[in-house]
Undergrad: 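Sharing a structure with you now.
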Amino acid sequence: MKNIPTLYEWAGDTQTFETLFTTFYDKVLRDDLLGEVFQNMSANHVKHVAHFVAEVFGGDKLYTLEDGGSHASMISHHIGKMLNEEKRQRWVHLLLQSADEVGLKSDPEFRSAFVGYLEWGTRIAVINSQLTENPMNQQEPMPQWGWGETGGPYIANAN
Ligand code: HEM
């Protein structure tokens with residue numbers, strides 16, 4: 001097939017991601033397990049995470065060019081947070097619930113790629129949250145996610 005859209009194009013636009021994460025963090029802040037974890041999040045948190053994921057999915061570079069973020073700065077937000085599997089699973093669960101609620105594209109291929117990214121990203125977040133220092137170089141490029149990824153096993157300090 002020619003002209004395969006990026007995950008971002010298939011999902012919609014920046015507003016799609018902002019709506020998704022607005023609904024998600026509404027749930028997170030009311031959640032018995034995650035509410036406390038995010039109680040001090042910044043006013044821009046929702047927008048930043050939406051922009052980060054949209055950029056990873058092939059959208060405009062809003063996180064790196066407008067929000068002043070980088071892959072390393074995203075990682076730094078998780079360092080020392082001591083996240084665990086229970087919290088990770090709740091995070092994924094609430095995001096998938098939000099995806100259905102806001103009517104995110106639900107075809108099997110898109111959702112497979114979406115869940116694949118969430119599994120990857122959240123597991124990296126938990127691993128990094130056990131560290132006391134950010135292992136990532138500021139120059140590291142943003143990750144990119146497409147319709148079928150990973151390319152090999154986990155290598156410590158590579159993410
Ligand atoms: C695909 C997975 C994930 C992505 C893309 C992601 C992305 C981000 C980004 C971009 C920020 C910085 C936001 C800002 O600039 O204000 C951030 C902060 C944070 N994330 Fe994540 N995250 C992921 C998974 C998780 C998970 C699973 C948890 C917890 C269960 C988590 C907990 C946090 C916390 C506690 C912060 C800092 C909040 C604060 O400022 O107080 N993240 N994340």
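No experiment lies behind these values; they were computed from the predicted model shown. Both counts, for ligands and for their atoms, begin at 1 and track the order of listing.
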Undergrad: Atom 39 (C) of ligand 1: which protein heavy atom is closest, and how many Å away?
TA: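 Checking every protein heavy atom, the shortest distance to atom 39 (C) of ligand 1 gives Met41 CA, 3.7 Å.
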Undergrad: Can you confirm whether the side chains of His48 and Tyr63 place a donor and an acceptor under 3.5 Å from each other?
TA: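 There is no such pair (donor and acceptor under 3.5 Å, judged by atom type) between the side chains of His48 and Tyr63.
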Undergrad: Quick test: of every protein heavy atom, which one is nearest to atom 5 (C) of ligand 1, and how far off is it to 0.1 Å?
TA: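 Checking every protein heavy atom, the shortest distance to atom 5 (C) of ligand 1 gives Tyr117 OH, 3.4 Å.
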Undergrad: Using only heavy-atom distances, determine whether the side chains of Gln89 and Glu85 contain a donor-acceptor pair under 3.5 Å.
TA: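 Side-chain D/A pair, Gln89 to Glu85: present.
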Undergrad: Can you find a side-chain donor-acceptor pair between His51 and Glu18 that sits under 3.5 Å?
TA: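 A donor-acceptor contact under 3.5 Å links the two side chains.
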Undergrad: Under the side chain to side chain contact (heavy atoms under 4.5 Å, CB included) test against Trp91, which residue among Leu96, Val37, Leu34 passes?
TA: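 Passing option: Leu34.
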Undergrad: Answer with yes or no whether the side chains of Tyr8 and Thr14 bring together a donor and an acceptor at under 3.5 Å.
TA: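 Judged by distance alone, the side chains do pair up.
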Undergrad: Can you list the atoms of ligand 1 that are under 4.0 Å from a heavy atom of Val37?
TA: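 Listed by number with element, the hits are 35 (C).
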Undergrad: Quick check on Trp120 - does any of its heavy atoms sit under 4.0 Å from an atom of ligand 1?
TA: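 Distance cut 4.0 Å: Trp120 fails for ligand 1.
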Undergrad: How does His45 reach ligand 1, if at all, at less than 4.0 Å between non-hydrogen atoms: by side chain, backbone, both, or neither?
TA: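 Both backbone and side chain.
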Undergrad: Which part of Leu83 is near ligand 1, with near meaning a heavy atom under 4.0 Å away: side chain, backbone, both or neither?
TA: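 Side chain only; the backbone of Leu83 stays clear of ligand 1.
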Undergrad: Do Glu119 and Arg88 have side chains that approach each other closer than 4.5 Å (heavy atoms only, starting at C-beta)?
TA: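 Glu119 vs Arg88: side chains touch.
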Undergrad: Taking 2.8 Å as the upper limit, name the protein N, O or S atoms near atom 21 (Fe) of ligand 1.
TA: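 Those protein N, O or S atoms (cut-off: under 2.8 Å from atom 21 (Fe) of ligand 1) are His78 NE2.
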Undergrad: So which protein heavy atom does atom 32 (C) of ligand 1 come closest to, and at what separation?
TA: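 Of every protein heavy atom, Phe38 CZ, 3.2 Å lies nearest to atom 32 (C) of ligand 1.
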Undergrad: Only one of Val126, Asn128, Thr122 clears side chain to side chain contact (heavy atoms under 4.5 Å, CB included) with Ile124; which?
TA: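 Answer to the side chain to side chain contact (heavy atoms under 4.5 Å, CB included) test with Ile124 among Val126, Asn128, Thr122: Asn128.
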Undergrad: Any side-chain heavy-atom pair from Ile79 and Pro135 closer than 4.5 angstrom?
TA: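 In short, these two side chains touch, coming nearer than 4.5 Å.
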Undergrad: Any side-chain to backbone donor/acceptor pair from Thr19 onto Gln15? Under 3.5 Å, distance only.
TA: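 It does hold such a pair.
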Undergrad: Looking at Lys87, which atoms of ligand 1 are within less than 4.0 Å of one of its heavy atoms?
TA: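 Listed by number with element: 30 (C).
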Undergrad: Quick check on contacts: which atoms of ligand 1 are under 4.0 angstrom from a heavy atom of Ser42?
TA: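 It comes down to these atoms of ligand 1: 16 (O).
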Undergrad: Enumerate the atoms of ligand 1 whose separation from the nearest heavy atom of Asn40 is less than 4.0 angstrom.
TA: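 So the atoms of ligand 1 that pass are 41 (O).
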Undergrad: Check this for me - ligand 1, His48, N or O atoms closer than 3.5 angstrom, yes or no?
TA: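 His48 vs ligand 1: N/O contact under 3.5 Å present.
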Undergrad: Are the side chain of Lys61 and the backbone N or O of Glu55 linked by a donor-acceptor pair below 3.5 Å?
TA: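 It does not hold such a pair.
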Undergrad: Is Asn44 near ligand 1, meaning one of its heavy atoms is under 4.0 Å from it?
TA: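 Contact absent.
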Undergrad: Are the side chain of Glu9 and the backbone N or O of Thr6 linked by a donor-acceptor pair below 3.5 Å?
TA: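 Present.
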Undergrad: Establish, yes or no, whether a centroid distance under 6.0 Å links the rings of Tyr117 and Trp145.
TA: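 Yes - the distance between ring centres of Tyr117 and Trp145 falls below the 6.0 Å cut-off.
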